[in-house]
Amino acid sequence: MDSSEFRTAAREVVEDITNYYDTIASQPKVLPSVTPGYLRPLLPASAPEDPEPWQDIHADLQSHIVPGITHWQSPSFHAFFPCSSSYPAMLAELYSNAFNGAHFNWICSPAVTELETIVLDWLARLLALPECYLSTAPTRGGGVLHGSASEAILTVMVAARDKFLRNATAHLPVGSDEREEETWRLRSKLVALGSEAAHSSTKKAAQILGVRFTTVSAPAEAGYAMSGSALASVVAALRAKGLEPFYLTATLGTTDTCAIDDFPGIRDALSPDERDRIWVHVDAAYAGSALMLPENAHHTATFAAFHSFNVNPHKWMLTNFDCSALWVRDRAWLVESLSIKPAYLRNEFSEAGLVTDYRDWQIPLGRRFRSLKLWFVLRAYGASGIRAHLRRGIDLGERFADMVRSRDDLFEIITGPRFALVVFACKGPSREESNKVTEAVLEGVNGEGVIYLTPTVLHGTYGIRMCTGSSQTIEEEHVKKAFDILIAATEKVLAEQK
Ligand code: PLP
């Protein structure tokens, strides 16, 4: 494809994309009707030997690929957490794809590195993060963009492990056999912690690192949040067994219910000495965006006592996937753990220590130009536009909860509305019966595919999660449509049971 063909094709693509967004609310379904394996019979068994014209590729996209797309951007998509999207972010992605570099060192594209540092300082301020997380802070904090929260959590867990091992063996001579032996002995004792409601990415990170993983309870009575006292008793029990808790994920907005762990309680449960040994990471992958609202800013008051924080602008901040922001209080913790300097990566700027090389703040070497889309979004919407988007989602969550309450003959709210998430269930004579009906209703609704919702199970209660935070879910009619479909499905299941 030459530049003239590209120009023509790109116009066609932009036309397709804008039509897609202009008509997405009237698409009959969110979920595709295809069955597993649908695509293989439609495509040739091997890649073409000869070039194919754009028209053929475009036609196959429309006929074979689009029918297999789940419409995450539909206003009727209420599953999981949203994956947000906006035109300014799409434009930035076009540029990012055009510049297309691996950007691991400053010299690989100075603007890529410098924009990222600046935009993450902007965002840290908007989210009311304590000063110590800024790149300009005396603590030498700073932010970096990763692709996912899972990657951010794995990265800080690696840094936490190495920080713990460095400190715990600091009394032994550097490079000595004794230090090496003690390091390996301690490695087998390490335990990563997260509440039972923490996202599975914490457990997965522990699995990848080959360390133990233990959960702290998050009972229904405490709103599915982890308390300081529950944490303290788990830490004491592990120490009594000779184990070494070295890392904790605390969550702002758990995946199942958007619970907020008791941050002041967690801070107070760990003495300053223990906070030196146990790295506390705050995972705010989804709900963290809502820290931009002044009424939520108080949640960050304790964060200066913790070590790191992440939020995914790709979930609720109008920034297209992938964009996961991670901040640390001291960037040296990442660099000491992740910096490796083979000759081919050396250059005068890095050697002089004048620049940030983000390759030392992440697991992969190469990196995308993600800050461009965040910069475009922050400028095109302004903080006020993003706040309006967040408030709209929260307001629709409240309206949906009112609808659920208005039919308390059929439904009950299990948690929320909190951060545009309501968890509810169908009523029944017993929990077992209610679980059966709720599950059948969800199966029926998703089977039709006009809206899409996902479930959770909370200590034996089967609930349906209704999330109203997606970019296109903006009118009351969008949640009313979901509610009407849920009533019809529930009445059908109840009638079938009679
Ligand atoms: N943390 C929380 C609280 C989440 O809800 C999720 C996903 O929904 C994740 C982490 C994982 O996010 P990612 O897909 O970016 O790894």
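Worth knowing before you read on, the calculation uses all heavy atoms, side chains too, and leaves out hydrogens, waters and symmetry mates. Residue numbers run from 1 in the order of the sequence given. In listed order, ligands and their atoms are each counted from 1.
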Original post:
Does the pair Phe263 and Phe303 meet the rule for a ring-ring contact (aromatic ring centres under 6.0 Å, His included), with working shown?
Top reply: CA-CA 8 Å; Phe263 298 129; Phe303 291 2; 5.2 Å; yes

What I'd like to find out is whether the side chain of [X] reaches to under 4.5 Å of the side chain of [Y], using heavy atoms alone.
{"X": "Asp256", "Y": "Val423", "value": "no"}
{"X": "Phe306", "Y": "Trp279", "value": "no"}
{"X": "Tyr224", "Y": "Thr251", "value": "no"}
{"X": "Met317", "Y": "Val377", "value": "no"}

Original post:
Looking at CD of Glu196 and OG of Ser217, how far apart are the two atoms once the value is rounded to the nearest 0.5 Å?
Top reply: 6.0 Å

Identify all N/O pairs between ligand 1 and the protein with a separation under 3.5 Å and present them as a table of atom names and distances.
unit_1   : atom_1 : unit_2 : atom_2 : d
ligand 1 : 1 (N)  : Asp283 : OD1    : 3.3
ligand 1 : 1 (N)  : Asp283 : OD2    : 2.5
ligand 1 : 5 (O)  : Thr255 : OG1    : 2.9
ligand 1 : 8 (O)  : Lys315 : NZ     : 3.1
ligand 1 : 15 (O) : Ala149 : N      : 2.7
ligand 1 : 15 (O) : Asn312 : ND2    : 2.9
ligand 1 : 16 (O) : Ala149 : N      : 3.4
ligand 1 : 16 (O) : Ser150 : N      : 2.9
ligand 1 : 16 (O) : Ser150 : OG     : 2.5

